Amino acid sequence: MRWTQTFIPTLKETPAEAEILSHRLLLRAGLIRKLTGGLYTFLPLGLKVMQKIANIVREEMNRAGGIEVLMPALQPPEIWQQSGRYETAQDVFFKAQDRSKREWILGPTHEEVITTLVASEINSYRQLPRNFYQIQTKFRDEIRPRFGLMRAREFVMKDAYSFDASDELAQLSYEKMYQAYVNIFRRCGLKALPVEADTGVMGGKHSHEFMVPAEVGEDDIVYNESGTYAANIEKASSALAAPFPEPADVASQPALEKFETPGVKTIEALEKDPYQVPANRQIKTLVYMVDEKAILILLLGSDQLNEAKLAGVVGSTNLRPATPKEVFETLGAYPGSLGAINVSGPAIYADTMLRNGYGLTTGANEKGVHVRNVCMERDITVTAWNDLRMVKEGEPCPETGEALKIRAAIEVGHVFKLGTKYSENLGATFLDTHGKQQPAVMGCYGIGVTRTLQAIIEQDHDDSGIIWPVSVAPFTVCITALDIDPESPAMKTAESIYQSLIDKGIEVILDDRDERPGVKFKDSELIGFPIRIGVGARSLKENVVEVKPRGGDLQKVSPDTVVDLVTTWIADNESPSA
RNA sequence: CGGAGCGUAGCUCAGCUUGGUAGAGCGCCAGCUUUGGGAGCUGGAUGCCGCAGGUUCGAAUCCUGUCGCUCCGACCA
């Protein structure tokens with residue numbers, strides 16, 4: 001490709017609309033342009049990178065036995081009603097209407113469509129297992145699109161759905177996908193870490209997210225140094241010792257005692273003079289609305305609630321903190337001095353750190369009054385004990401005891417064992433070897449292709465611009481012609497190298513613009529081509545051209561050997577070792 | 001949806017407090033010079049000052065509304 005024959009609008013200045021680095025570079029390097037919030041046009045270079053990523057995904061999916069299909073982006077609401085997700089998924093839908101006012105849904109995901117297909121086409125265990133996938137644009141009415149391609153209203157996703165005859169076989173399908181994902185991200189040059197993920201209301205331990213550690217990541221991952229444990233913070237637990245290992249001697253516990261705490265509304269305030277109650281000797285009482293019913297949640301004062309864990313425990317994702325008004329209706333008091341003593345109406349979910357607890361302090365459900373000498377077993381009727389707390393940095397790893405670390409990460413992929421929820425609701429059943437009808441056991445597997453693209457930039461860049469791995473670079477080589485007069489030795493040499501590289505099947509762009517050298521060098525570094533070959537009169541006098549790997553050292557080599565050198569370099573760098 | 005900020009030339013931004021001829025740099029066009037790290041000089045084109053309404057003799061500037069964008073919190077690849 002000749003630079004002047006394509007469209008690469010680079011930007012010298014940082015567009016005001018972009019906050020994070022990868023987003024800025026996407027715009028500055030001329031890969032994308034915004035139409036409006038969360039909607040982007042892929043320009044030639046951006047499109048090329050996306051196609052390269054998609055091809056890696058395709059190759060690895062095929063290798064793992066995936067079957068590529070393409071499903072409609074427009075979906076009828078009926079299948080969502082059948083699967084039981086029509087109401088719960090309401091918030092993410094973009095909807096459309098046809099001329100007769102019939103409602104349509106722009107697909108945010110495709111479990112319903114693929115399961116409908118399988119329901120009508122697959123009848124026998126002999127037709128299983130099957131793993132269908134597609135690479136397609138998804139539509140989600142994001143609450144807040146942001147960071148360019150990172151969270152967009154419309155994005156390209158690879159989604160795969162496996163159907164198996166049994167749980168055991170489904171587990172195999174899951175493991176195959178897991179391995180395919182490891183391969184895909186490695187080939188994209190991404191350091192993507194598989195972490196245990198929250199499965200929400202589905203339960204089970206069969207979900208992993210592939211996470212790229214990055215400051216701008218929207219998730220937090222918890223991991224140990226030796227690399228044997230990694231989990232999304234929503235899922236993570238620690239081996240932190242419970243503060244009250246033994247059951248309390250209830251008989252010898254001092255009686256409850258109310259005390260005045262005027263103006264005290266927070267855990268922190270109660271820690272200070274004159275009260276001096278350590279946070280980890282306080283009970284934090286939260287009121288949540290689950291499916292619009294109030295429940296109480298009790299934690300150590302020093303802990304934070306993990307909503308994902310709560311969702312798993314109560315079996316619903318429809319939960320939110322109660323409003324002050326709802327809190328008052330539930331406990332007869334406003335937040336600031338809430339407690340669960342003598343509360344019998346709402347269900348009370350307590351974190352296991354409080355088990356056997358005594359000598360604790362909590363709110364009295366009276367403004368400005370707290371209660372000390374609380375003994376869990378004696379004073380509070382707990383409905384259920386569960387791990388509900390957010391893990392904190394430095395707590396012991398549940399597997400090795402090492403101090404846990406926490407860092408932000410970008411989720412680029414997710415593998416998930418679904419079970420039979422969709423196959424049952426949509427009738428994807430088959431006859432097993434005994435002639436008995438069974439629902440297929442499903443798994444689903446997503447990769448955010450456009451997000452992966454941006455994650456690569458976020459991970460690999462420097463002050464000059466992007467640093468593409470060879471595997472996904474828009475062009476592997478950029479020839480910077482420093483004189484574009486067709487009769488000049490520089491241009492003649494550049495043209496000849498250009499042809500030779502094309503003949504070798506190497507993707508090369510020839511910068512034939514009538515621009516000054518500085519502009520060309522800056523642009524090639526901004527875009528991040530893995531290799532730049534500089535051809536100019538100055539070095540040709542010494543009978544050399546300049547080869548510069550992006551981020552590496554410049555080498556002067558003879559024009560006759562440059563093609564071999566570059567070919568070898570590419571072969572050596574084609575498969576990233578990440 | 002709640003909180004914060006911003007909408008002025010293709011881009012980055014000044015001007016707004018204190019109302020009175022629409023600005024700079026970069027980019028673009030022409031010419032000359034320059035020619036190995038985002039060149040110099042000269043000349044030129046480019047604006048519904050987001051939109052609507054109001055106040056005023058007069059509004060980019062003040063007021064109200066509205067739309068859009070960005071950031072912070074709850075959703076997700």
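Every chain is numbered from 1 and lettered A, B, ... according to where its sequence line falls, protein lines coming before strand lines. Predicted, not measured: the structure shown is a model, and the values here were computed from it.
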Colleague: Separation of A:Arg451 atom CZ from B:C75 atom C1', in whole Å?
Modeller: 11 Å
Colleague: Report the distance from atom CG of A:Asp512 to atom CD1 of A:Ile479, rounding to the nearest 0.5 Å.
Modeller: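 One finds 10.5 Å between CG of A:Asp512 and CD1 of A:Ile479.
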Colleague: When both hydrogen-bonding distances must be under 3.5 Å and the geometry is Watson-Crick or G-U wobble, what is B:G47 paired with, if anything?
Modeller: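 The answer is none; no pair meets the criterion.
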Colleague: Any luck finding a side-chain donor-acceptor pair between A:Lys158 and A:Tyr181 under 3.5 Å?
Modeller: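 The criterion, which ignores hydrogens and geometry beyond distance, is satisfied for A:Tyr181 and A:Lys158.
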Colleague: A:Phe163 vs A:Phe132 aromatic rings, parallel, tilted or perpendicular, using cut-offs 30° and 60°?
Modeller: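 Ring orientation of A:Phe163 relative to A:Phe132: perpendicular.
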Colleague: Does the side chain of A:Asn55 come under 3.5 Å of the side chain of A:Glu59 through a donor N or O and an acceptor N or O?
Modeller: no
Colleague: Less than 3.5 Å apart, any donor N or O on the side chain of A:Thr137 or A:Glu154 sitting next to an acceptor on the other?
Modeller: no
Colleague: How many whole angstroms separate atom CZ of A:Arg146 from atom C1' of B:C71?
Modeller: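 Going from CZ in A:Arg146 over to C1' in B:C71 covers 9 Å.
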Colleague: Under a 4.0 Å heavy-atom cut-off, which of residues 34-51 of chain A touch RNA chain B?
Modeller: A:Lys34, A:Thr36, A:Gly37
Colleague: Within the 4.0 Å heavy-atom criterion, would you say A:Phe147 contacts the bases, only the backbone, or no part of the nucleic acid?
Modeller: sugar-phosphate
Colleague: Please tell me whether A:Tyr161 and A:Phe416 form a close aromatic pair, meaning their ring centres lie under 6.0 Å apart.
Modeller: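 Ring centroids of A:Tyr161 and A:Phe416 are no less than 6.0 Å from each other.
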Colleague: Heavy atoms within less than 4.0 Å of RNA chain B: which residues of residues 14-22 of chain A have one? Give them sorted by number.
Modeller: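 Going residue by residue through residues 14-22 of chain A, the ones with a heavy atom under 4.0 Å of RNA chain B turn out to be A:Thr14, A:Pro15, A:Ala16, A:Glu17, A:Glu19.
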Colleague: Starting from P on B:A14, measure out to CD on A:Glu13 and report it in whole angstrom.
Modeller: 12 Å
Colleague: Ignoring hydrogens and angles, does a donor from either the side chain of A:Arg151 or the base of B:C76 sit under 3.5 Å from an acceptor on the other?
Modeller: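 Such a pair exists between side chain and base.
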Colleague: Mind checking the C1' distance from B:U66 to B:C26? Whole angstroms is fine.
Modeller: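 Straight-line distance between the two C1' atoms is 33 Å.
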Colleague: Between N or O atoms, less than 3.5 Å apart, protein on one side and nucleotides 46-52 of chain B on the other: list the pairs.
Modeller:
none

Colleague: Determine, step by step, whether A:Arg550 and A:Asp462 satisfy the salt bridge (charged side-chain N to carboxylate O under 4.0 Å, His left out) criterion, reporting the C-alpha distance in whole Å, the side-chain angles of both residues, the deciding distance to 0.1 Å, and the verdict.
Modeller: CA-CA 10 Å; A:Arg550 182 70 173 80; A:Asp462 62 15; 2.8 Å; yes
Colleague: Provide the distance between the two C1' atoms, one in B:G58 and one in B:G68, to the nearest whole Å.
Modeller: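 My reading of the C1' atoms in B:G58 and B:G68 gives 29 Å.
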Colleague: Can you figure out which of B:C69, B:C71, B:A77 approaches the side chain of A:Arg153 most closely?
Modeller: B:C69
Colleague: For B:G2 versus B:A77, give the span between their P atoms, rounded off to a whole number of Å.
Modeller: 27 Å
Colleague: In this structure, how many angstroms lie between the P atom of B:C75 and the CD atom of A:Glu209, rounded?
Modeller: 13 Å
Colleague: Just the atom pairs and distances: protein N or O near nucleotides 28-33 of chain B's N or O, under 3.5 Å.
Modeller:
none

Colleague: Pairing check on B:C32: which nucleotide meets the Watson-Crick or G-U wobble criteria with it, both distances under 3.5 Å?
Modeller: B:G40
Colleague: Thinking salt bridges, do A:Lys492 and A:Glu495 make one under a 4.0 Å N-O criterion?
Modeller: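 Result for this pair is no, no salt bridge flagged.
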Colleague: When the ring centroid of A:Phe210 is compared with that of A:Phe185, is the distance short of 6.0 Å?
Modeller: yes
Colleague: Does B:G53 have a Watson-Crick or wobble partner in any strand here, with both distances under 3.5 angstrom, and which is it?
Modeller: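 Checking every strand shown, B:G53 finds its partner in B:C63, with both distances under 3.5 Å.
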Colleague: Expressed in angstrom and rounded to an integer, what is the separation of A:Met150 atom CE from B:C76 atom C1'?
Modeller: 13 Å
Colleague: If we call it a pair only when both distances are under 3.5 Å in a Watson-Crick or G-U wobble match, what pairs with B:G27?
Modeller: none
Colleague: Identify, between A:Arg144 and A:Gly446, the residue whose nearest nucleotide on RNA chain B lies closer to the 5' end.
Modeller: A:Arg144
Colleague: In Watson-Crick or G-U wobble terms, both distances under 3.5 Å, what is the partner of B:C69?
Modeller: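 Paired with B:C69, as far as the under-3.5 Å criterion goes, is B:G5.
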Colleague: Is any side-chain N of the basic residue among A:Glu60 and A:Lys176 closer than 4.0 Å to the acidic one's carboxylate O?
Modeller: no
Colleague: Could you give all pairs that pass the side-chain hydrogen bond (donor to acceptor under 3.5 Å, both in side chains) test and reach residues 517-529 of chain A, with sequence neighbours left out?
Modeller: A:Thr10-A:Asp523, A:Arg513-A:Asp523, A:Glu525-A:Arg532
Colleague: Are there any protein N/O atoms within less than 3.5 Å of an N/O atom in nucleotides 37-44 of chain B, and if so, which ones and at what distance?
Modeller:
{"from": "B:G37", "atom 1": "O6", "to": "A:Arg532", "atom 2": "NH2", "distance (Å)": "3.0"}
{"from": "B:G37", "atom 1": "N1", "to": "A:Glu525", "atom 2": "OE2", "distance (Å)": "2.9"}
{"from": "B:G37", "atom 1": "N2", "to": "A:Glu525", "atom 2": "OE1", "distance (Å)": "2.4"}
{"from": "B:G37", "atom 1": "N2", "to": "A:Glu525", "atom 2": "OE2", "distance (Å)": "3.2"}
{"from": "B:G38", "atom 1": "O2'", "to": "A:Lys12", "atom 2": "NZ", "distance (Å)": "2.9"}
{"from": "B:G38", "atom 1": "O6", "to": "A:Arg28", "atom 2": "NH2", "distance (Å)": "3.3"}
{"from": "B:G38", "atom 1": "N1", "to": "A:Asp523", "atom 2": "OD1", "distance (Å)": "3.0"}
{"from": "B:G38", "atom 1": "N2", "to": "A:Asp523", "atom 2": "OD1", "distance (Å)": "3.1"}
{"from": "B:G38", "atom 1": "N2", "to": "A:Asp523", "atom 2": "OD2", "distance (Å)": "3.4"}

Colleague: Check the side chains of A:Tyr223 and A:Arg407 for a donor-acceptor pair under 3.5 angstrom, ignoring hydrogens and angles.
Modeller: no
Colleague: Taking the six-membered ring for Trp, are A:Tyr86 and A:Phe93 parallel (under 30°), tilted (30 to 60°) or perpendicular (over 60°)?
Modeller: tilted
Colleague: Apply salt bridge (charged side-chain N to carboxylate O under 4.0 Å, His left out) to A:Lys235 and A:Glu209, showing your working.
Modeller: CA-CA 11 Å; A:Lys235 167 86 178 175; A:Glu209 290 164 334; over 6 Å; no
Colleague: When you match A:Val92 and A:Arg538 each to their closest nucleotide on RNA chain B, which lands nearer the 5' end?
Modeller: A:Arg538
Colleague: How far does the C1' atom of B:A39 sit from the matching atom of B:C13, given to the nearest Å?
Modeller: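 That atom pair is separated by 23 Å.
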Colleague: With no hydrogens and no angle check, do the side chains of A:Asp159 and A:Gln134 hold a donor and an acceptor under 3.5 Å apart?
Modeller: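 Side-chain D/A pair, A:Asp159 to A:Gln134: present.
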